[in-house]
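Working notes for the structure below.
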Amino acid sequence: MHSVQVPPHIPITMSSLKKTALHSLHKSKKAVMAEFAGYDMPISYPGMGVLKEHMHTRQAAGLFDVSHMGQYEIRGADREKFVEYATPIDMQRIAPNQGGLTMLTNAQGGLKDDCIFTKFEDHLYAVLNAGCKDKDMQHLEELRANFKGDVQFVPLERSLVALQGPTAAAILGKYVEGIDKLDFMHAIHKTSIKGIPVQVCRCGYTGEDGFEIAVDDSQAIALTELFLSEGVQLIGLGARDSLRLEAGLNLYGHELSEDINPVMARFMWAISKRRMEEGGFIGYERIKHFRDTPADVPRLRVGVVSTGPVAREHTVVEVDGKVVGELTSGCPSPCLKKNIALGYLDRDLAKKGTEVQLVVRDKRIKAVVTPPPFVAHRYFRKPAQ
């Protein structure tokens with residue numbers, strides 16, 4: 001078992017922690033609980049533990065409580081124009097009932113958060129990271145105050161669960177018609193599961209096929225128990241971390257921060273050609289500068305694979321005794337039976353096959369730069385017509 005990695009936070013007393021609508025269920029299942037982003041959240045469950053929970057998600061289906069994430073509707077006639085100002089997302093490329101991963105940028109081209117916006121008929125649906133949602137909304141409110149247009153934010157006080165794994169579609173398909181045809185990053189705004197109203201999006205943060213399902217707090221336990229009756233296992237944040245690392249996915253506060261730009265993070269794939277040509281979003285000039293001036297981006301995000309002692313966050317990376325980088329996340333890979341990590345490395349070394357040393361407890365461990373994902377993604381995408 002390895003410890004879940006969490007973004008930096010101010011210590012909070014247990015009595016002041018927020019609780020999701022599934023908290024009583026986690027407690028009844030004797031989950032190992034810990035503070036995460038101001039919430040009392042499950043890390044793992046007895047009888048399984050992080051390793052078995054991880055493998056169950058890769059081989060069958062696991063259910064994650066992600067209700068601590070921020071859910072908001074963005075309404076108003078100018079909602080798309082506003083979002084294209086606050087982020088580099090290309091709303092012209094996103095079809096109705098489709099979502100897109102993007103980033104909230106600052107004036108210096110740094111990343112305030114990574115987030116998803118989904119386009120519905122009369123509003124946009126935003127999902128923000130749990131540890132960032134309050135500062136994100138403060139930032140968006142400040143932008144709106146100076147924005148000339150019709151925009152409103154509506155917080156959604158409801159639960160969110162993530163059903164992830166190769167059998168997720170078959171299970172959900174028993175209750176929701178058309179799931180087998182729903183493409184990756186596409187959503188159904190209003191449907192129901194055994195009479196329980198839900199919103200479904202085919203996405204997730206494990207690298208597996210899966211779905212994020214929004215449900216009213218009052219129905220969250222009933223929905224979860226239905227999935228458990230189908231052989232789905234509850235999965236905690238410990239396995240969520242190792243799954244996202246195997247998939248090579250970033251965690252805000254580790255791989256992403258206000259001091260890291262999308263060129264450095266190799267996140268430029270999320271900015272379309274149109275947006276980079278037209279600009280008009282916060283931090284555009286700086287991001288364009290970083291793209292066009294490699295010398296001003298001395299380090300790039302990389303993956304590394306090693307054996308022996310596990311290298312974790314803040315591990316120093318060396319070549320021939322010289323410090324050339326630092327890891328931002330690391331754990332043992334249950335699937336690969338090796339240690340994996342993400343981090344930042346000097347630009348000239350940030351290429352596949354580069355041999356480096358990781359300084360772990362004053363010992364130098366051999367490692368090789370290996371482009372993520374470490375385990376192939378299995379997102380569902382319909383064949384091209």
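Start at 1 with the first residue, then count along the sequence.
- The backbone N or O of L160 sits less than 3.5 Å from a side-chain atom of S67, completing a donor-acceptor pair.
- Under a 3.5 Å cut-off, the side chain of K30 and the backbone N or O of K27 do not form any donor-acceptor pair.
- Residue pairs meeting the side-chain hydrogen bond (donor to acceptor under 3.5 Å, both in side chains) criterion with at least one member in residues 102-118, sequence neighbours excluded: N106-E258, K112-E258, D113-N129, D114-N129.
- More than 12 non-hydrogen atoms from other residues, nucleotides or ligands lie less than 6.0 angstrom from NZ of K135.
- For E142, the salt bridge (Lys or Arg N to Asp or Glu O under 4.0 Å) test picks out no residue, with sequence neighbours left out.
- In this view, K133 and Y39, Y72, L128 satisfy the side-chain contact (heavy atoms from CB on, under 4.5 Å) rule, not counting sequence neighbours.
- In this structure a side-chain-to-backbone donor-acceptor pair under 3.5 Å is present from Y205 to N250.
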Checklist entry - Would D40 and K18 count as a side chain to side chain contact (heavy atoms under 4.5 Å, CB included) if you check the C-alpha gap in whole Å, the side-chain angles of each, and the deciding distance to 0.1 Å? => result CA-CA 6 Å; D40 192 24; K18 299 176 185 176; over 6 Å; no
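- Within the 3.5 Å criterion, the main-chain N or O of V151 finds a donor-acceptor partner in the side chain of R144.
- For K338, the salt bridge (Lys or Arg N to Asp or Glu O under 4.0 Å) criterion is met by no residue, not counting sequence neighbours.
- Applying the side-chain hydrogen bond (donor to acceptor under 3.5 Å, both in side chains) definition to pairs two or more places apart or across chains, those involving residues 343-363 are R299-D346.
- Heavy-atom contacts from other residues, nucleotides or ligands closer than 6.0 Å to CD of E141 number more than 12.
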Please output the side-chain donor-acceptor pairs of residues 74-82 that fall under 3.5 Å, not counting sequence neighbours, one pair per line with the distance.
residue	atom	partner	partner atom	Å
R75	NE	E73	OE1	2.8
R75	NH1	D122	O	3.4
R75	NH1	D122	OD2	3.4
R75	NH2	E73	OE1	3.1
D78	OD2	D150	N	2.7
R79	NH1	G76	O	2.9
R79	NH2	E121	O	3.3

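- S272 places a side-chain N or O within donor-acceptor distance of the main-chain N or O of R275, the cut-off being under 3.5 Å.
- No donor-acceptor pair closer than 3.5 Å links the side chain of T293 to the backbone N or O of F290.
- Note that the NZ atom of K29 and the CE atom of M48 stand 12.0 Å from one another [nearest 0.5 Å].
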Let me check something: any side-chain donor-acceptor pairs from residues 179-194 under 3.5 Å, sequence neighbours excluded? List them with distances.
residue	atom	partner	partner atom	Å
D183	OD1	K382	N	2.9
H186	ND1	F184	O	3.1
H189	ND1	Q199	OE1	3.1

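- Residue pairs meeting the salt bridge (charged side-chain N to carboxylate O under 4.0 Å, His left out) criterion with at least one member in residues 198-210, sequence neighbours excluded: R58-E208, R202-D209, E208-R378.
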Item to check | side chain to side chain contact (heavy atoms under 4.5 Å, CB included) assessment of D134 paired with D136 | outcome: CA-CA 5 Å; D134 292 339; D136 287 352; over 6 Å; no
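- With contacts defined as side-chain heavy-atom distances shorter than 4.5 Å, the pair V83/I89 qualifies.
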Checklist entry - Would Y45 and V32 satisfy side chain to side chain contact (heavy atoms under 4.5 Å, CB included), going step by step from the backbone distance to the final call? => result CA-CA 6 Å; Y45 297 85; V32 176; over 6 Å; no
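- At least one side-chain heavy atom of L327 sits under 4.5 Å from a side-chain heavy atom of V317.
- Here ring pair (Phe, Tyr, Trp, His ring centres under 6.0 Å) pairs that include residues 256-280, with residues two or more places apart or in two chains, are F267-W269.
- No continuous path of ILVMFWY side-chain contacts below 4.5 Å connects V356 to V316, so the two sit in separate hydrophobic clusters.
- Counting only residues at least two apart or on different chains, the salt bridge (charged side-chain N to carboxylate O under 4.0 Å, His left out) pairs with a member in residues 282-293 are K288-D292.
- Using bins of under 30°, 30° to 60° and over 60° for the plane-to-plane angle, the ring pair Y379/H377 lands in the tilted bin.
- Checking side-chain atoms of H26 against main-chain N and O of P42 turns up no donor-acceptor pair under 3.5 Å.
- Shown here are the salt bridge (Lys or Arg N to Asp or Glu O under 4.0 Å) partners of E278, two or more places apart in sequence or in another chain: R274.
- Between the T370 side chain and the V368 main chain, a donor and an acceptor come within less than 3.5 Å of each other.
- Counting heavy atoms from C-beta on, the side chains of M103 and T87 never come closer than 4.5 Å.
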Would you tabulate the side-chain donor-acceptor contacts of residues 212-226 under 3.5 Å, counting partners in other chains and residues two or more places apart, or write 'none'?
residue	atom	partner	partner atom	Å
D216	OD2	S218	N	2.9
D216	OD2	S218	OG	2.5
D217	OD1	S159	N	3.0
D217	OD1	S159	OG	2.7
T224	OG1	A220	O	2.9

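- When side chains are defined from C-beta on, E35 does not count as touching M41, because their heavy atoms never get closer than 4.5 Å.
- With E318 contributing its side chain and V324 its backbone, the two residues share no donor-acceptor pair below 3.5 Å.
- Under the 3.5 Å distance criterion, with hydrogens and angles disregarded, no donor-acceptor pair is assigned to the side chains of S329 and E313.
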